[in-house]
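Written out below as structure tokens is the structure these notes cover.
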Amino acid sequence: MKHNFGAGPCILPQEVFKAASEAVLDFNGLSILEISHRSPDFVKVMEEARENVKKALDIPKGYTVLFLQGGASLGFLISAMNMAGKHKKAGYINTGAWSTKAIKEAKNAGLEVVEVASSEDKDFSYIPKVDDIPSDIDFLHYTSNNTIAGTQFKSIPDTDVPLVCDMSSDIFSMPIDVSKFDIIYAGAQKNLGPAGATLYIVKESILGKSTVDIPTYLDLQVQHKKDSMFNTPPVFSVFVSNLNLKHLLNNGGVDAMEKKNKEKAELLYNEIDSNPNFEGATAVEDRSLMNVTFRLTDENKKEQFDKLWNEGDIVGLKGHRSVGGYRASMYNALSVESVKALVNIMKSL
Ligand SMILES: *Cc1c(COP(=O)(O)O)cnc(C)c1O
């Protein structure tokens with residue numbers, strides 16, 4: 001097997017791939033790909049998936065969990081439209097390419113956007129201090145883990161303003177205090193399941209309070225009232241996400257994941273810091289546990305290093321075109337052994 005360090009779609013546990021493939025051929029006598037989303041068998045899957053998200057993240061009462069479509073990219077617009085309040089103004093922390101796109105969509109939703117903090121001055125290689133949050137904004141939006149730049153918030157911004165977070169690339173990698181948020185959204189394909197579903201965790205008290213006109217599909221109140229079945233949901237993606245959630249719950253949950261993810265990150269960052277051939281691409285204190293970005297100190301060794309990891313069955317290590325260098329994405333299902341394989345290759349350069 002190859003070691004998949006790709007940034008997404010993500011690696012999933014082998015058991016999940018196997019169960020998913022079996023259900024393609026036989027799910028209670030039909031294929032999971034052909035069953036009606038209104039059939040009791042699938043309604044049960046959807047209910048279970050929503051419940052398992054609540055269990056996995058220990059979500060308090062008063063929140064609804066939805067599986068919609070459109071990816072996190074539509075989540076930028078959905079979250080802004082549903083959170084638009086009396087100020088029609090929102091605060092955004094700009095920590096990279098995804099935050100920048102989220103800002104653009106908030107403007108498309110008709111909101112005035114204040115960039116409360118930004119790390120654009122240093123190519124998004126750090127997490128900016130957030131100390132001046134205006135009070136006349138409807139919500140504050142941030143990206144918990146910056147998949148492309150390789151930085152991650154180590155704590156939740158301290159504010160009384162409603163919080164919205166794009167957690168696409170670090171949800172389920174550790175415990176989170178959901179009670180601090182009004183909307184959390186995440187494309188499934190980074191750490192949850194196959195592409196196609198987008199997860200929303202929404203405080204029920206915000207539903208129906210928007211001050212802008214929301215197209216029906218984008219209205220979270222509609223989606224909530226229809227139990228996440230307003231139209232045909234992404235059946236297969238929800239099914240496999242649920243398999244993965246069950247696997248997570250049966251293997252120690254997000255606490256065990258956090259431990260494993262810290263162990264993997266420590267192994268790789270230690271090698272980057274101790275091997276003179278490499279250097280990290282971000283501020284040390286803001287390093288992501290999920291997406292590790294690094295560079296060669298001598299570009300002349302590129303050909304040699306690329307040959308080594310390609311021959312070592314490592315996949316997906318090339319950095320994002322906007323950052324260059326390398327990016328090792330280490331989502332939940334990536335094993336410690338895979339990280340050791342990469343570290344050994346780095347040592348051999
Ligand atoms: C990948 C990613 C996105 C975009 O996700 P899509 O589901 O492809 O729209 C948005 N935000 C973050 C943090 C991401 O990692």
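The structure presented is a predicted model; accordingly, all values stated were derived computationally and were not measured.
Hydrophobic cluster membership differs between Trp98 and Ile156, with clusters built from Ile, Leu, Val, Met, Phe, Trp and Tyr side chains linked at under 4.5 angstrom. Taken together through direct or relayed side-chain contacts under 4.5 Å among Ile, Leu, Val, Met, Phe, Trp and Tyr, Val235 and Leu30 form part of one hydrophobic cluster. Under a hydrophobic-cluster definition in which Ile, Leu, Val, Met, Phe, Trp and Tyr are linked whenever side-chain heavy atoms come within less than 4.5 Å, directly or via other members, Met257 and Ile184 are assigned to the same cluster. Under a hydrophobic-cluster definition in which Ile, Leu, Val, Met, Phe, Trp and Tyr are linked whenever side-chain heavy atoms come within less than 4.5 Å, directly or via other members, Tyr63 and Val164 are assigned to different clusters. In this structure, Met290 is not a member of the same hydrophobic cluster as Tyr126, with clusters built from ILVMFWY side-chain heavy atoms closer than 4.5 Å.
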Show the numbers, then the answer: is there a side chain to side chain contact (heavy atoms under 4.5 Å, CB included) between Val178 and Ile201? CA-CA 8 Å; Val178 172; Ile201 302 169; 3.9 Å; yes
Determine whether Lys203 and Phe181 satisfy the following criterion, side chain to side chain contact (heavy atoms under 4.5 Å, CB included), listing intermediate values before the conclusion. CA-CA 7 Å; Lys203 196 185 254 179; Phe181 297 91; over 6 Å; no
Step by step, would you call Phe239 with Ile35 a side chain to side chain contact (heavy atoms under 4.5 Å, CB included)? CA-CA 12 Å; Phe239 177 75; Ile35 63 163; over 6 Å; no
Kindly indicate, with the supporting measurements, whether the criterion side chain to side chain contact (heavy atoms under 4.5 Å, CB included) is fulfilled by Ile314 and Leu317. CA-CA 7 Å; Ile314 304 274; Leu317 202 63; 4.3 Å; yes
Using the side chain to side chain donor-acceptor pair (under 3.5 Å) rule, take Ser168 and Asp166 through it: C-alpha gap first, then chi angles, then the decisive distance, then the call. CA-CA 6 Å; Ser168 291; Asp166 173 2; 2.7 Å; yes
Which is it for Thr151 and Thr282 under the side chain to side chain donor-acceptor pair (under 3.5 Å) test, yes or no, and what are the steps along the way? CA-CA 7 Å; Thr151 61; Thr282 68; over 6 Å; no
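Asn291 and Ser329 share a donor-acceptor pair across their side chains, judged by distance under 3.5 Å alone. Side-chain contact annotation: Ser210 with Asn82, donor-acceptor N/O pair under 3.5 Å absent. There is a side-chain donor-acceptor pair under 3.5 Å between Asn261 and Lys264. Between the side chains of Ser179 and Asp177, at least one donor-acceptor pair of N or O atoms lies under 3.5 Å. Residues Thr100 and Asn94 have side chains that bring a donor and an acceptor to within less than 3.5 angstrom of each other. Ser119 and Thr95 form no side-chain donor-acceptor contact under 3.5 Å, judged by distance and modelled atom types alone. Side-chain contact, Asp41 with Ser39: no donor N or O sits under 3.5 Å from an acceptor N or O. Looking at Asp170 and Gln152, their side chains do bring a donor and an acceptor atom within 3.5 Å of each other.
A salt bridge is defined here as a Lys NZ or Arg NE, NH1 or NH2 lying under 4.0 Å from an Asp or Glu carboxylate O, and Lys88 with Glu112 fails to meet this definition. A salt bridge does not link Asp158 with Lys180: none of the charged nitrogens is closer than 4.0 Å to a carboxylate oxygen. We find that Glu263 and Lys259 are not joined by a salt bridge, their nearest charged nitrogen and carboxylate oxygen being 4.0 Å or further apart. Salt bridge annotation for Lys307-Glu311: present, with a cationic side-chain nitrogen under 4.0 angstrom from a carboxylate oxygen. Looking at Asp306 and Lys318, no side-chain N of the basic residue comes within less than 4.0 Å of a carboxylate O on the acidic one, giving no salt bridge. By the 4.0 Å N-to-carboxylate-O rule, Lys89 lies close enough to Asp136 to be salt-bridged with it. A salt bridge links Lys246 with Glu48: the closest approach of a Lys/Arg side-chain nitrogen to an acidic carboxylate oxygen falls below 4.0 angstrom.
Residues Cys10 and Lys190 have side chains not in contact (no heavy-atom distance under 4.5 Å, counting atoms from C-beta outward). At a threshold of 4.5 Å between non-hydrogen side-chain atoms, the residues Pro128 and Ile93 count as touching. Looking only at side-chain heavy atoms (C-beta outward), Val222 and Leu218 stay at 4.5 Å or farther from each other. With a 4.5 Å cut-off on side-chain heavy atoms, Phe27 and Val45 count as touching. Pro194 has its side chain within reach of Val240: a pair of non-hydrogen atoms, C-beta onward, lies under 4.5 Å apart. No side-chain heavy atom of Asp182 sits under 4.5 Å from any side-chain heavy atom of Phe139. At a threshold of 4.5 Å between non-hydrogen side-chain atoms, the residues Met330 and Phe5 count as touching. Inter-residue side-chain proximity for Leu220 and Ile78 is flagged as met; some heavy-atom pair is nearer than 4.5 Å.
Judged by distance alone, with hydrogens and angles left aside, the side-chain atoms of Ser169 form a donor-acceptor pair with the main-chain N or O of Asn145 at under 3.5 Å. Judged by distance alone, with hydrogens and angles left aside, the side-chain atoms of Glu279 form no donor-acceptor pair with the main-chain N or O of Asp273 at under 3.5 Å. For the pair Ser348 (side chain) and Ile345 (backbone), a donor-acceptor distance under 3.5 Å is present. Checked by atom type and distance alone, the side chain of Asp138 pairs as donor or acceptor with a backbone atom of Gly85 at under 3.5 Å. Although no hydrogens or angles enter the test, the distance criterion places no donor-acceptor pair under 3.5 Å between the side chain of Asp313 and the main chain of Met1. Arg38 contributes a side-chain N or O that, together with a main-chain N or O of Met229, makes up a donor-acceptor pair within less than 3.5 Å.
Relative ring orientation between His141 and Tyr92 is described as parallel, the plane-to-plane angle staying below 30° on a 0-90° scale split at 30° and 60°. Under the 30°/60° scheme for interplanar angles, the aromatic rings of Tyr185 and Tyr200 are found to lie parallel.
Results of the side chain to side chain contact (heavy atoms under 4.5 Å, CB included) test with Met346 over Leu308, Asn277, Leu268 single out Leu268 as the only residue that passes. Checking each of Gln14, Glu22, Glu15 against Lys18 for a side-chain hydrogen bond (donor to acceptor under 3.5 Å, both in side chains) leaves exactly one that passes, namely Glu22.
When every heavy atom of Gly150 is checked against every heavy atom of Tyr269, the shortest pair comes out as O-OH, 4.4 Å.
Surrounding CD of Glu266 are at most 12 heavy atoms belonging to other residues, nucleotides or ligands under 6.0 Å away. Annotation for Asp213: atom CG does not count as buried by contact number, only 12 or fewer foreign heavy atoms lying within 6.0 Å. Other residues, nucleotides and ligands contribute only 12 or fewer heavy atoms inside 6.0 Å of the CD atom of Glu303. Taking a 6.0 Å sphere around NZ of Lys154, one finds it holds more than 12 heavy atoms contributed by other residues, nucleotides or ligands. Under a cut-off of 6.0 angstrom, the local environment of CZ in Arg321 is sparse, with at most 12 non-hydrogen atoms contributed by other residues, nucleotides or ligands.
Going from atom CD of Glu105 over to atom NZ of Lys107 covers 11.5 Å, rounded to the nearest 0.5 Å. Distance check: Ser335 OG to Asn4 CG gives 11.0 Å after rounding to the nearest 0.5 Å. Note that CD of Gln69 is 8.0 Å distant from OG1 of Thr232, once rounded to the nearest 0.5 Å. Taken to the nearest 0.5 Å, the OH atom of Tyr331 stands 11.5 Å off from the CG atom of Leu12. The structure places CG of Leu25 at 9.0 Å from CG of Leu33, a figure rounded to the nearest 0.5 Å. Interatomic distance, CG of Asn244 versus CG of Asn191, reported as 8.0 Å (0.5 Å rounding).
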